[in-house]
Every structure is written in C-alpha cells, then in structure tokens.
Amino acid sequence: MTKKLVLIDGNSIAYRAFFALPLLNNDKGIHTNAIYGFTTMLLRILENEKPTHMLVAFDAGKTTFRHETFKEYKGGRQKTPPELSEQFPLLRELLDAFSVKHYQLSQYEADDIIGTLAKQAEQDEFEVKVISGDKDLLQLVSDKTTIQLTRKGISETDSYTPDFLLENMEVTADQIVDMKALMGDSSDNIPGVPGVGQKTAVKLLKQFQTLDHIYEQLDEVSGKSIKQKLADNKDSAYMSRELATIDTKAPIEVSLADINYDGYQTPALSTVFKDLGFQSLLTRIGEEGETEEVSQELAPLDVTIVDEVKSELFTGEDALVVEMLTDNYHTAQVEGFGLANANGAYFIPSDVAYNSDVFKEWAQDSSKSKWVFDVKRTVVALLHHGITLENANFDLLLASYLINASENHHDIPAIGHRLGMKDVLYDEEVYGKGAKMKVPEVEALAEHLARKAMVIYNLKPEAEAKLSENEQLELLQNLELPLAAILGEMEYLGVQVDVERIQEMKEQLGGRLTEIEQKVYELAGEEFNLNSPKQLGPILFEKLGLPVIKKTKTGYSTSADVLEQLADQHEIIEQLLLYRQLGKLQSTYIEGLLKVVDKDNKIHTRFNQALTQTGRLSSTEPNLQNIPIRLEEGRKIRQAFVPSKDNYVIFAADYSQIELRVLAHIAQDEKLIEAFNEDMDIHSRTAMDVFHVEEKDLTSNMRRQAKAVNFGIVYGISDYGLSQSLGITRKEAQQFIDRYFKSFPGVKTYMEDIVQDAKQKGFVTTIMNRRRYLPDLTSRNFNVRSFAERTAMNTPIQGSAADIIKKAMIDLAERLETEQMEAKLLLSVHDELILEAPESEIEKLKEVVPDVMEHTVKLDVPLKVDYSYGKTWYDAK
DNA sequence: CAATTCACGC
DNA sequence: GACGTACGTGAATTGT
C-alpha cells in the first residue's frame with residue numbers, strides 16, 4: 001500500500017475559515033467559526049485522502065530566520081483579530097481529539113516544516129498532499145507532491161499537480177521562487193523588482209527559465225525600462241528569492257514515523273464537539289446528535305380538558321391557540337384549542353368548541369379581549385366554521401416579528417425560549433416530523449396546546465413592554481393587527497379564476513412547447529432534457545462549441561443573460577429562450593394555478609405578514625405577487641383572474657414611484673422634492689441632472705440608464721448590480737452613482753448619515769418605527785459589511801413604503817365600509833391594490849381609492865396613485 | 001429531502 | 001485589490 005502524507009498549513013487554513021464564515025458563537029460565548037471551518041475541512045480531508053500520515057504545522061511566532069535577512073519581512077500586516085487568536089488554543093485541543101499531530105518550530109514558519117517533511121516523504125516514496133491557502137507553497141509541487149489551495153472560502157479548492165500548475169500559472173514549481181523574486185509579494189512585504197508584476201515575471205521566465213539566466217542575459221531582455229529596473233534592483237530580487245524560498249532542511253524534531261495516522265477515537269472527538277457546540281458535526285462522525293437537550297423538565301401544569309364550554313371559562317383576557325398541523329389554514333383541520341387565562345390552562349376539543357354557542361358568542365364578543373398567536377390564521381380558521389373572531393388585540397407572532405424580524409423562528413416555543421417562557425415543547429417533539437407526523441393521544445395534545453396558550457398569556461406584558469420601549473406598540477395595535485384582519489378577509493374571500501380560460505392556455509402552450517422541443521432536438525442533433533442545465537451545458541458549450549461566458553459551481557451557466565449573449569451565434573439559442581419563457585408560464589403559472597383552485601373556482605393565497613425583513617408582505621400557495629406582466633405572452637395569464645360576480649370589474653390602483661417619493665421625503669433632498677412637487681417624469685428628471693442636458697436633448701438611452709440608477713437606489717443594489725443591469729463596467733456604474741449623488745446631494749447626505757446612525761444605534765427604522773437590526777455593519781468582511789450598509793440605506797425606503805400601503809389598506813377597508821360600498825379588496829402587490837367591485841361603483845372608486853391612498857400619510861412630497869379597471873385583471877391596465 | 005439552477009414580480 | 005452582491009416564491013432536476 002502506498003503511504004500517503006497530508007500536511008496542513010494550520011495558520012493559513014484557520015485564517016481562511018475565519019474570514020469565510022460568520023462569527024459563530026457557541027453557548028459559552030466563544031467564537032468558533034475558524035475552528036468550525038477547520039473541522040469541516042479536516043473531516044473532508046480524512047474522508048477523501050485517507051492519509052496514513054498527517055501533520056498540522058503552525059507558525060511559531062513573530063520573528064523567523066527570514067527577519068535576519070530582511071527585518072521588514074511580513075511588515076505592515078494587519079494584526080490577527082483577537083476573535084481569531086482566541087481560537088488557536090481550542091484548535092490545538094481539537095486536533096488532539098482528532099489524534100492529529102501538530103507542530104511548530106521556533107524561528108521557522110509552517111511552510112518550512114511542511115517543505116522539510118514533504119521532501120523527506122518523497123525520498124521515502126510517499127504520496128504527499130499539502131493543504132493551504134498560500135500560493136508560496138506551490139514551489140513544492142512535484143510528481144509526488146500535490147498542493148491543494150483554497151480558492152474562495154474554504155469549501156472550494158484547486159489541486160495543483162505539475163500539469164495544473166503549468167496550465168494555471170504558466171510556470172513550473174521551480175520557477176515559483178524566481179517569480180516571487182521578480183514580482184514580490186505584498187502580503188509578505190517581499191519587495192521583488194518594483195514595476196514587475198505577475199505578467200512581466202511570467203513573460204521573463206518563459207523566455208529565460210530562471211532568475212539567474214535573466215541576469216546573465218540581461219541585454220536580451222526586451223523593453224528598456226524593464227531592463228533598467230532589473231539592473232537597479234538585482235539585490236532586491238535575490239533577497240526576495242531567498243525570502244520566498246521554503247527551507248526544506250529545517251531542523252525539525254519530528255520524523256515521519258512520529259506522525260503516522262490511525263484515525264480518531266469517536267468518543268473523545270464527540271466530547272470536544274459537544275463542548276464546542278458543533279451539534280451538526282456529531283452525526284458526521286457517526287455519533288447521534290443530541291437527543292433534545294436531555295428532555296428538559298417542564299414545570300408541571302394543570303390542564304383542564306373542557307367537555308362543555310361555559311361562559312365562566314372566559315375572563316375577558318384570554319389567550320387562545322387554534323392548532324393546525326399544516327401551513328395552509330384554508331384547508332387545514334383544526335386539531336383543538338388551547339386556552340389560558342388568570343384562572344388556568346385549558347384544552348377545548350374541536351367538536352366541543354364548534355358545537356358550542358357559548359364559545360361562538362365569546363369569540364364574537366368585541367368586549368372580550370383575545371390574545372393569540374398568528375391572528376390571521378386564527379381568524380380564517382374560525383371563519384371556516386362560521387365564527388367571526390372579534391377584538392383579537394394581541395398577537396405574539398406579529399409582536400415577535402416587530403421586535404426583531406430577523407429571528408428565524410417565530411413559533412410559540414421558539415419565542416417562549418427566547419423570552420424566558422420555556423415550559424413548552426417544540427411542535428416536532430409532540431407531533432414528530434415529515435411522514436411520521438401525527439397527533440398524539442388527547443392528554444399530550446391537551447397539555448401541549450395549553451402550554452402554548454400559557455406562553456402567549458404570560459408573554460403578552462413582556463412583549464408589549466418591549467414594543468413600548470421601542471415605540472412600536474402603535475405599529476402593532478394600529479397597523480399590523482387591523483391589517484391582519486383585513487388580509488384574513490381578503491384571503492378568505494379569494495380571487496375568482498376562469499378555469500376554462502386557463503385550460504385553453506394550457507393546451508395552446510403545450511402544443512407550442514412540443515414544437516419548440518422538437519426544433520431544439522433537431523438543432524442539437526440529439527434528444528435531452530431541456531429543463532436540465534446539466535444536460536444542456538455540454539450540448540451548447542462542447543458539442544456546438546459555443547463560447548463559455550459564465551460558469552456555476554457545478555458546471556456551465558445557461559441562465560438567460562448568458563444565452564442572450566449567445567443569441568447571434570446559433571439558431572438554437574432563440575428557441576431555448578422561448579422554451580424557457582413558455583415553460584415557466586406553463587409549469588409555474590398555468591399548472592401551478594390549476595393546482596390551487598378550490599371547488600368554487602377561487603384562489604386563496606396566504607399573505608405572510610411576519611416574514612420579510614423590510615416589512616413588505618409576501619404571498620404563497622400561490623404567490624399572486626409575481627404574476628407575469630412585462631411580456632405580453634405572460635401578461636395574458638391575467639385574463640384568467642376575473643371578478644366573482646356578474647357585472648363586477650377588477651379595479652387596480654398603484655402608487656407611482658412610491659419609494660422615490662419616500663426617499664425624497666426622508667432624505668429631504670430639495671431637488672427630488674421639487675421634482676415630485678412639479679409632478680415631473682422622475683427618470684427623465686434624473687437623466688437631465690445626471691447627464692447635464694436640457695429636456696430637449698434627452699435621449700431614450702439616457703432615460704433608460706437613469707431609470708436603472710433610480711431602481712438601484714430603491715433596491716439598494718451595488719455598483720456591481722448596476723453594472724449588470726446596464727451592461728457596463730463596474731467603474732462606469734460607480735461613475736453614474738457618483739454623478740447621481742452630485743445631482744442629489746440631499747440623497748448623498750442621507751445615505752451617509754443613515755449608515756453612521758445605524759452603526760451607532762445598531763438598527764434602522766421606517767416612518768412608522770419598524771426596525772431592522774444590522775449587526776453586520778461592523779463586520780470585517782468587506783462583502784458582508786457592504787451589504788449591511790446598502791441595507792441600512794434601503795430598508796427605511798422600502799419599509800416606509802410598505803408601512804404606507806399597509807395603512808392605506810386599513811383606511812380603504814374602513815372607507816369602503818363607511819361608504820357602504822360593495823367593493824372588496826382582493827390583493828396587495830407591494831405598491832398596488834387590487835379590488836373587485838360592481839360596475840355601478842366604478843365612478844365612486846375612481847375618487848375614493850386614490851383619495852384614500854394619496855392621503856393616508858402626509859409626506860413632504862405628494863403621493864400619486866394611478867388606477868384602471870376592466871373585466872379581468874389583464875384589462876385593468 | 002435538500003441543494004442547485006432558473007425565472008417571475010416589485 | 002479581492003471579495004460577490006435587492007427581496008421574495010416556486011418549479012424542475014439531481015444526488016443523498
């Protein structure tokens with residue numbers, strides 16, 4: 001059997017892992033991200049390489065023998081962040097648990113230890129693999145030694161064999177040090193020859209092979225200035241080579257025999273993993289994951305199972321849980337009710353509640369407060385049984401969402417655990433999960449629901465205090481709670497669809513898709529799965545020889561923007577794009593909608609009111625917020641959305657440029673405010689300012705670019721994002737942004753101030769005090785931090801717009817009520833509201849709807865609403 | 001069942 | 001100077 005030695009550059013990999021992963025904390029408050037990343041990599045190496053010998057080498061300290069040659073060696077390096085240094089002792093413990101030897105040597109770097117052992121191992125006919133993030137090590141590449149370098153993060157790596165090295169860097173292993181000698185290395189502060197970079201270095205080495213040859217034949221070097229630079233910096237070049245050369249004869253005190261590897265002891269490793277909080281890794285080493293923190297003891301709770309609802313059961317301040325096991329409350333069965341109040345905790349079986357007039361009276365009594373979790377779910381479920389829940393004036397879900405939307409889990413037990421009410425089990429513990437999910441015997445169910453109700457009951461004061469402290473109580477009570485009731489009614493009412501029309505479209509589309517499919521097969525010369533990028537890639541880029549524009553992690557990218565760039569190269573592309581477009585319509589919209597139509601030919605979406613980080617709503621099963629509109633082909637889908645009664649119409653009203661108006665208001669930018677006060681075309685106005693042209697000289701291209709910039713401002717995209725949408729370079733995009741800020745200095749000031757303010761406070765707010773916490777603003781990772789900065793700029797804009805439309809919905813529902821109109825809200829799509837109404841109300845709606853929407857809040861710019869109506873959603877354009 | 005890729009809307 | 005970049009939902013494929 002061949003012997004295999006794996007050598008790991010400990011510092012390098014720890015560094016990579018640290019910067020690649022977010023700052024994970026374990027339960028002891030110790031940062032573990034570098035250790036975690038290191039561990040996953042180690043597990044992968046053990047699995048893939050199956051080494052017979054192994055060592056992790058560390059750097060020994062500040063000074064090395066190289067500093068005698070050049071005292072500025074590695075000067076100017078950023079200090080190791082304390083969050084990382086504190087992880088090194090634990091990392092060594094972890095390696096001990098893995099039974100992996102680690103070693104460091106005073107005055108030497110990890111590279112030298114690795115180099116020395118690699119050479120010894122080669123003599124002994126080992127196969128050697130070195131793991132690092134440091135390109136310097138490439139000088140060790142040989143027939144027997146492979147260097148595996150991290151590419152980005154820690155999960156992607158490249159294995160450098162002699163061939164791969166030549167292909168990638170255009171030099172041999174022996175030439176690596178000479179290359180460093182010429183180009184230097186800024187990260188190690190190796191000077192090299194000033195003015196010579198990688199390109200020049202490679203060129204020179206291709207011509208002369210070695211540094212010595214270059215200087216022997218300096219006259220033959222082409223380029224006067226290069227020649228001069230080489231001549232002037234000969235000493236520096238040779239010193240640089242010395243610094244970059246790995247010492248393969250370091251006086252190490254370990255031998256190959258010392259570092260043989262026989263695997264790890266699972267129990268020892270398991271203990272360390274548990275200590276570090278690496279639950280997810282336990283399963284990877286064949287240990288069972290923790291079986292629920294040793295089923296923590298719940299405080300006993302007396303639960304009364306109610307067999308007949310009496311009015312004395314209720315106090316007027318009662319927490320109610322309506323339990324359903326599936327997400328879709330339009331179709332779910334209610335498993336039972338939990339109730340908690342000052343007197344105790346109760347379980348009411350479904351049939352007992354539904355057959356009880358007392359229960360119904362209580363639910364519908366608006367003098368009795370109900371505290372619930374997910375008021376909309378509760379309202380709709382009860383509506384299905386003819387009960388209209390009144391005065392639900394506290395919702396733990398919405399409260400939790402407003403307190404901190406970024407918490408991943410907004411279910412009762414999770415919230416309970418966060419806020420200190422831990423006497424409740426997680427649903428999974430009671431019901432199981434996946435295929436094995438089932439309702440337990442009645443006692444267990446009763447206790448679970450009663451405990452959940454207790455959590456709501458007990459946490460209400462605390463949650464409200466927290467909201468009050470953040471000045472968000474009004475946001476809950478006067479915005480989200482009333483909105484939930486309205487959304488519930490909208491969902492319950494549903495939207496009528498013309499199923500026959502959809503069926504027609506389905507057949508038509510099906511026919512066209514088969515045609516296109518055949519054409520593609522012909523053009524490709526074979527049949528394959530058109531929906532599989534994995535199968536499509538090789539056909540386009542290998543068989544048909546089209547140029548590769550972009551790659552994904554797993555192969556060739558075949559996304560629309562790639563295909564568009566190939567459009568004029570092969571007939572097949574146009575067909576593929578058309579197939580994608582129509583295929584999307586067929587599968588997602590046509591077939592997707594048919595799947596969710598109920599027996600009355602209505603669609604009941606669910607609006608998620610506690611999900612997005614900005615305060616917008618989202619919509620599921622089906623998502624009615626992304627029905628096609630841009631392309632005519634897809635827009636026709638809207639013809640299937642119709643009013644639910646004869647002589648009714650669909651009435652649609654949308655805010656014009658609400659985000660930019662909100663921006664003008666928040667930023668108090670004079671020019672932007674003026675533009676809206678004068679009701680100008682905002683994209684043209686932006687174009688005039690950014691390009692410094694008169695209206696008469698505006699081109700449609702200028703307006704298009706200005707529109708993209710405005711879009712970017714609203715959605716918080718980066719220079720990169722803008723460059724993508726305009727097909728320009730990042731630099732040009734940045735110039736656009738700079739010019740925009742010059743034109744709208746108020747916006748620039750706002751953007752700068754909001755980031756500073758957010759950094760100081762830790763969060764941003766909207767006009768109605770919605771909050772978003774942004775801990776990443778202090779990240780050392782440029783990407784992470786930049787994203788947080790854009791979020792800080794963007795969330796007040798998007799979130800305030802969301803606040804406004806939510807308030808408009810409440811105002812509108814109320815207005816329709818007081819005006820005693822039949823018109824009903826159906827949908828809300830971010831900046832537009834869709835209603836259905838009798839034709840007779842159209843004239844009134846034309847006044848009422850814009851009036852309400854435009855005046856729901858008072859900003860320093862007017863809000864503008866456009867509207868339209870028709871026999872279908874398509875016609876309301 | 002989860003991850004990946006793609007595509008639709010705002 | 002690299003990094004890899006709006007938010008959502010959903011379908012299909014693919015490998016576990």
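Naming convention: chains lettered A, B, ... in sequence-line order (proteins, then strands); numbering from 1 in each chain.
Within 4.0 Å (heavy atoms only), Thr620(A) reaches sugar-phosphate atoms of the nucleic acid but no base atom. Across all strands, Glu621(A) comes closer than 4.0 Å only to sugar-phosphate atoms, never to a base (heavy-atom distances). Ile627(A) comes within 4.0 angstrom of sugar-phosphate atoms only, judged by non-hydrogen atoms across all strands, and of no base. The residue Phe787(A) sits close only to the backbone: its heavy atoms come under 4.0 Å of sugar-phosphate atoms, none of a base. Backbone-only contact: Ser619(A) has heavy atoms under 4.0 Å from sugar-phosphate atoms and none from a base. Note on Thr558(A): only backbone sugar-phosphate atoms sit closer than 4.0 angstrom, heavy atoms only; bases stay farther off. Using a 4.0 Å heavy-atom cutoff across all strands shown, Gln613(A) reaches sugar-phosphate atoms only and no base atom. Residue Gln724(A) is classed as having no contact, given no heavy-atom separation below 4.0 Å to the nucleic acid. At the heavy-atom level, Asn794(A) lies nowhere under 4.0 Å from the strands shown. The residue Ser557(A) sits close only to the backbone: its heavy atoms come under 4.0 Å of sugar-phosphate atoms, none of a base.
For Phe782(A) and dG1(C), the CZ to C1' distance is 10 Å, given to the nearest whole Å. Atom CG in Asp719(A) sits roughly 15 Å away from atom P in dC3(C) (whole-Å rounding). Rounded to an integer number of Å, the gap from OH of Tyr715(A) to P of dC8(B) is 16 Å. Look at CZ on Arg785(A): it is 14 Å from C1' on dG1(C), rounded to the nearest Å. The nearest whole Å value for the distance from the CD atom in Gln734(A) to the P atom in dT5(C) is 18 Å. Counting to the nearest Å, the P atom of dT14(C) and the OH atom of Tyr556(A) are 16 Å from each other. Spacing between atom NZ of Lys551(A) and atom C1' of dG4(C) amounts to 18 Å, rounded to whole angstrom units. For Leu536(A) and dC6(B), the CG to P distance is 9 Å, given to the nearest whole Å.
Taking only side-chain atoms of Asn531(A), from C-beta outward, the nucleotide of dG15(C), dG8(C), dA12(C) with the closest atom is dA12(C). Side-chain proximity of Gln535(A) to the nucleotides dT14(C), dA12(C), dG4(C) is greatest for dT14(C). You'll find that the side chain of Arg790(A) is closest to dT5(C), out of dT5(C), dC6(B), dT9(C). Here dG8(C) is the nucleotide among dG15(C), dC10(B), dG8(C) with the atom lying nearest to any side-chain atom of Leu611(A). When the nucleotides dA6(C), dG4(C), dC8(B) are ranked by their closest atom to the side chain of Gln581(A), dC8(B) comes out on top. The side chain of Phe711(A) lies closest to dA6(C), out of dG10(C), dA6(C), dT9(C). Minimum atom distance to the side chain of Pro533(A) is reached by dC6(B), of the listed dC10(B), dC6(B), dA12(C). When each of dA6(C), dC10(B), dT5(B) is scored by its nearest atom to the side-chain atoms of Val829(A), the top-ranked nucleotide is dC10(B). For Lys595(A), the side-chain atoms get nearest to dA11(C) when compared with the rest of dC8(B), dC6(B), dA11(C). When the nucleotides dG8(C), dA6(C), dG15(C) are ranked by their closest atom to the side chain of Asn626(A), dG8(C) comes out on top.
Counting heavy atoms from C-beta on, the side chains of Leu624(A) and Leu593(A) come closer than 4.5 Å. Side-chain contact between Thr872(A) and Phe641(A) is absent, with no heavy atoms from C-beta onward closer than 4.5 Å. In this structure, Ile627(A) and Trp873(A) have side chains that are in contact, with non-hydrogen atoms separated by less than 4.5 Å.
In summary, the side chains of Tyr329(A) and Glu491(A) do present a donor paired with an acceptor at a separation below 3.5 Å, with no hydrogens or angles considered. In summary, the side chains of Asn710(A) and Thr686(A) do present a donor paired with an acceptor at a separation below 3.5 Å, with no hydrogens or angles considered. Side chains of Tyr715(A) and Glu659(A): a donor-acceptor N/O pair is absent below 3.5 angstrom, by distance only.
Note on Arg606(A) versus Asp327(A): no salt bridge recorded, every NZ/NE/NH1/NH2 to OD/OE distance being 4.0 Å or above.
Aromatic ring pairs are classed by plane angle as parallel below 30°, tilted from 30° to 60° and perpendicular above 60°; the pair His604(A) and His330(A) is tilted.
For the C1' atoms, the distance from dG9(B) to dG4(C) is 24 Å, rounded to whole Å. Taking atom P in both dT4(B) and dT5(C), the straight-line distance is 13 Å, to the nearest Å. The gap from the C1' atom of dA2(C) to that of dC8(B) amounts to 32 Å, rounded to the nearest Å.
Arg630(A) has a side-chain polar atom (N or O) that falls below the 4.0 Å cut-off from OP1 or OP2 of dG9(B). Checking the phosphate oxygens (OP1, OP2) of dG10(C), no side-chain nitrogen or oxygen of Lys584(A) falls inside 4.0 Å. Note on Asn529(A): every side-chain N or O is 4.0 Å or more away from OP1 and OP2 of dA12(C). Residue Ser618(A) places at least one side-chain N or O under 4.0 Å from the OP1 or OP2 atom of dT9(C).
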Practice task
I would like to know whether Glu633(A) and Lys584(A) meet salt bridge (charged side-chain N to carboxylate O under 4.0 Å, His left out); could you show each step before the answer?
Solution key: CA-CA 11 Å; Glu633(A) 203 84 60; Lys584(A) 173 80 181 172; over 6 Å; no
Practice task
Begin with the C-alpha distance, continue with both residues' side-chain angles, and end with the deciding distance and a verdict on salt bridge (charged side-chain N to carboxylate O under 4.0 Å, His left out) for Lys748(A) and Glu752(A).
Solution key: CA-CA 6 Å; Lys748(A) 180 164 197 264; Glu752(A) 288 163 356; 3.2 Å; yes
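Consecutive pairing runs in DNA chain B reach the stem threshold at B:1-9 with C:7-15, where a stem means at least three Watson-Crick or G-U wobble pairs with distances under 3.5 Å.
A donor-acceptor contact under 3.5 angstrom links the side-chain atoms of Arg730(A) to the base of dG4(C). For Ser718(A) against dT5(C), a side-chain N or O and a base N or O form a donor-acceptor pair under 3.5 Å. Not a single donor-acceptor pair, N or O on each side, falls under 3.5 Å between the base of dC6(B) and the side chain of Arg580(A).
For an aromatic pair to be called close, the ring centres must be under 6.0 Å apart, and Tyr740(A) with Phe736(A) fails this.
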